[in-house]
Amino acid sequence: MCGIIGYTGNRSVAGVLVDGLRRLEYRGYDSAGLAVVSGGELHEAKAVGKVRKLEEVVAALPGLGSLCGCGIGHTRWATHGVPSTVNAHPHFSNDRKIAVVHNGIIENHQELRRHLTSKGCVFRSQTDSEVIAHLIAEAYDGDLLAATAAVLDQLQGTYGIAVVSDRHPGLIVAVRKGSPIVVGIGEGENFVASDIAALLAHTRQVIYLNDGDIAAITPEKIELRDIRNVPIEREIAKIDWETGAAEKGNYPHFMLKEIFEQPETVENAIRGRLDHEMASAILSGIGLSPRELLQIGHIVIAGCGSSMHAGLVGEYYFEDLAGISTSVEQAAEFRYRNPIIEPNTLVIPISQSGETADTIAAVREAAAKGAIVTALCNVVGSTIAREAGRGIYLHAGPEISVASTKAFLSQVVVLLLFALLLGRNRRLSRSRGAELVAEIEQIPDLIREVLEQALEIKKIASRYAHVDDFFFIGRGCLYPTALEGALKLKEISYIHAEGYHAAELKHGPISLLDEKHPVMALANDIPGRDKILGNIQECRARKAPVVAIATRGDRAIRDLTQDVIEIPPCSRFVAPLPTAVALQLFAYYIAAERGCEIDQPRNLAKSVTVE
Ligand code: AGP
């Protein structure tokens, strides 16, 4: 998944592009580049590595940094072709009069490359994206928008594209199909980007392109066409993110900032959604009446990574609180295995970015089979949010760190609210509903209590910063929490960490345990604690060091383990939330001790918009 930015106006183009790319770096960062149209010429700069490398290249090119006009920039997460300057975007036509940046995958690029090569095109890169520049050049007949529109039916796959040419000063053409493109509206200047984080510093008025939309953007106007080149209208949306929401502030990493934001982001997820009168939840975005909610006979949750882990917690909620059979699917698996959708099946895609390709495909598969689809997303106006047509926003604000923290927590909270609503729609009593409402209102303070232990957790984490392996084990809702804790550790510290159901250890994984192989045991005082005690003893019998998450004051756990992170007392439904915060901090401090990148781990991208 890559980051795209475009600017047209009378400011220094390169400066706006580089600043925008820096705010998009979490989308992909193995190389970056830009092209500027100024004075009838097309200028370029590219670099391998982070955007700061590109900034150095721009500074070294005389005059480039002060050119006005228009331009496009790109920060790359490689899908085809190694990270290199030649593979970095923008890609150019052979006459170097057209430059293109692309986010997505052109699935028929090999066939197009053969066709273009046979007609004399010379390719410089190994990327799929370069074919777009040559196709537009081949179709160009004086109108850049028409030439771009003319090639789209040859492209199979997904694309968010921005195009400039030295023959069209001030003009950027942008197209969207399957990869997000948003146009930013300025005063005497306009912008285009792959997401709003790059636009926040300049404008709050944006237009989200739909699949098939083409935009012709100049400083004075924004023209929208459909794929048949017919003019269309799109709504202007207002971004309500706080200024600075996409900034690090005084934190060393976005991840730490986002971990510490969680009391507020959970409050945002809950705000206006608890019904004290009915001891239930209010989730108007679902768009289903109580009668329609009552018709739901099965729930399928689809997501990837942390979003899937949140779904696995939600499975316990829906079955235990609402009595509705629920299954959780890895989104890529759901889309390809011909899932069974009954007339009363509710499909809940979960996606922070709302742009994960596999989850988008799951949404389309579910809709095509007639399921009711209700999405949980964080990014307003994202593809999944719009295609699902109904759902619940997390209101967690921009999550910049590649490792998901606050979004995961808000997903779990929203799923708990949803299960409360469905439960009260069925056999959950008013009194039990009222208890749950009270527990949910307590969650922000529980998180604050864990955050207050950050230094204690840092001390414990430092003892494990140089291990090579880690197991995370849990039971009930704490089993998916263990999966999430393992994912956090592995993705930012590069330690090989695995999550297991605690009962699973003795079915194989325990063979790996020895004095060098620690285990994180989620031993909160909820049902299953006594069994976990036994699992801890099994680990200790193999000399494995055990770190435990335990409910404050639990002496038995403390006596059995090397290190204990204490969590305030809470119910089995709420336990995943403060526990996840402790595991986020544990992973963060280990990665920090190991000097890892943390916000932008190697090989990863914030949203995987390719299969
Ligand atoms: C989470 O820490 C990971 N970065 C990753 O697993 C992420 O949760 C996954 O790619 C899904 O992203 P989404 O929520 O934006 O769909």
Side-chain angles (χ1 to χ4, degrees), residues 1 3 25-29 77 178-180 194-197 253-256 258-259 262 265 301-314 328-335 348-363 375-385 387-388 391-394 396-412 414-415 472 480-494 497 499 580-581 583-588 591 596-611:
M1 190 261 316
E25 216 167 15
Y26 66 96
R27 296 175 63 91
Y29 33 82
W77 181 67
S179 291
S194 39
D195 80 31
I196 54 182
H253 297 101
F254 277 111
M255 184 176 179
L256 193 61
E258 290 154 9
I259 289 173
Q262 292 177 118
T265 52
I301 300 172
C304 301
S306 291
S307 293
M308 181 178 67
H309 295 158
L312 287 165
V313 177
V328 181
E329 301 262 3
Q330 207 289 339
E333 197 54 28
F334 178 85
R335 68 177 294 194
I348 304 177
I350 302 178
S351 176
Q352 186 285 132
S353 62
E355 301 300 344
T356 297
D358 286 325
T359 313
I360 290 172
V363 169
L376 265 57
C377 288
N378 189 38
V379 179
V380 174
S382 59
T383 301
I384 292 172
E387 293 204 6
I392 310 160
Y393 280 122
L394 305 180
E399 186 175 71
I400 306 300
S401 174
V402 167
S404 183
T405 52
K406 62 178 183 174
F408 168 79
L409 229 67
S410 294
Q411 288 164 350
V412 173
V414 167
L415 287 164
F472 286 64
T481 311
L483 298 178
E484 176 59 13
L487 174 62
K488 285 292 93 54
L489 183 63
K490 81 176 88 170
E491 69 176 328
I492 65 171
S493 73
Y494 313 147
V581 175
L583 298 179
Q584 292 163 1
L585 288 170
F586 184 74
Y588 174 81
C596 296
E597 267 292 335
I598 297 184
D599 282 337
Q600 296 162 7
R602 65 187 182 198
N603 308 336
L604 294 184
K606 181 58 183 172
S607 167
V608 183
T609 58
V610 294
E611 280 196 40

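From a predicted model like this one, the values you see are computed outputs, not experimental measurements. First listed ligand is number 1; within each ligand, the first listed atom is number 1.
Of all the heavy atoms of Glu355, none lies under 4.0 Å from any atom of ligand 1, so neither backbone nor side chain is involved.
For ligand 1, the atoms closer than 4.0 angstrom to any heavy atom of Ser306 are 1 (C), 2 (O), 6 (O), 8 (O). Residue contact check: Ser404 has heavy atoms under 4.0 Å from atoms 1 (C), 2 (O) of ligand 1. Close contacts between ligand 1 and Ala403 involve ligand atoms 2 (O) [criterion: under 4.0 Å to a heavy atom].
Distances shorter than 4.0 angstrom occur between a heavy atom of Cys304 and an atom of ligand 1. Judged by the shortest distance from any of its heavy atoms, Lys488 lies inside the 4.0 Å radius around the atoms of ligand 1.
Between atom 6 (O) of ligand 1 and the options Gly305, Ser353, Ser351, the minimum heavy-atom separation is to Gly305.
Atom 16 (O) of ligand 1 has its closest protein heavy atom at Thr356 OG1, 2.5 Å. Looking only at protein heavy atoms, the nearest one to atom 2 (O) of ligand 1 is Glu491 OE2, 2.4 Å. When hydrogens are left out, the protein atom nearest atom 10 (O) of ligand 1 is Val608 CG2, 4.3 Å; that is the closest non-hydrogen contact.
Two residues are said to be in side-chain contact when any heavy atoms from C-beta on lie closer than 4.5 Å; Val608 and Asp358 fail this criterion. Put simply, the side chain of Leu483 reaches to within 4.5 Å of the side chain of Leu312, judged on heavy atoms. Between Val414 and Leu394, the closest side-chain pair of non-hydrogen atoms falls below 4.5 Å. Using a 4.5 Å cut-off on side-chain heavy atoms (C-beta onward), Phe408 and Lys488 make no contact. Between Gln411 and Gln352, some side-chain heavy-atom pair lies under the 4.5 Å cut-off. Residues Thr481 and Val412 fail the side-chain proximity criterion, which asks for heavy atoms closer than 4.5 Å.
Here the side chain of Tyr494 pairs a donor or acceptor atom with the backbone of Arg602 at under 3.5 angstrom. A donor-acceptor pair under 3.5 Å is absent between the side-chain atoms of Glu484 and the main chain of Ala310, judged by distance alone.
In terms of N/O distances under 3.5 Å, ligand 1 is not approached by Lys606. Any N or O atom pair closer than 3.5 Å counts here, and Thr359 shares no such pair with ligand 1. At least one N or O atom of Ser307, backbone or side chain, sits closer than 3.5 Å to an N or O atom of ligand 1. Ligand 1 has an N or O atom lying under 3.5 Å from an N or O atom of Val402, backbone or side chain.
With 3.5 Å as the limit, one finds a donor-acceptor pair spanning the side chains of Ser607 and Ser353.
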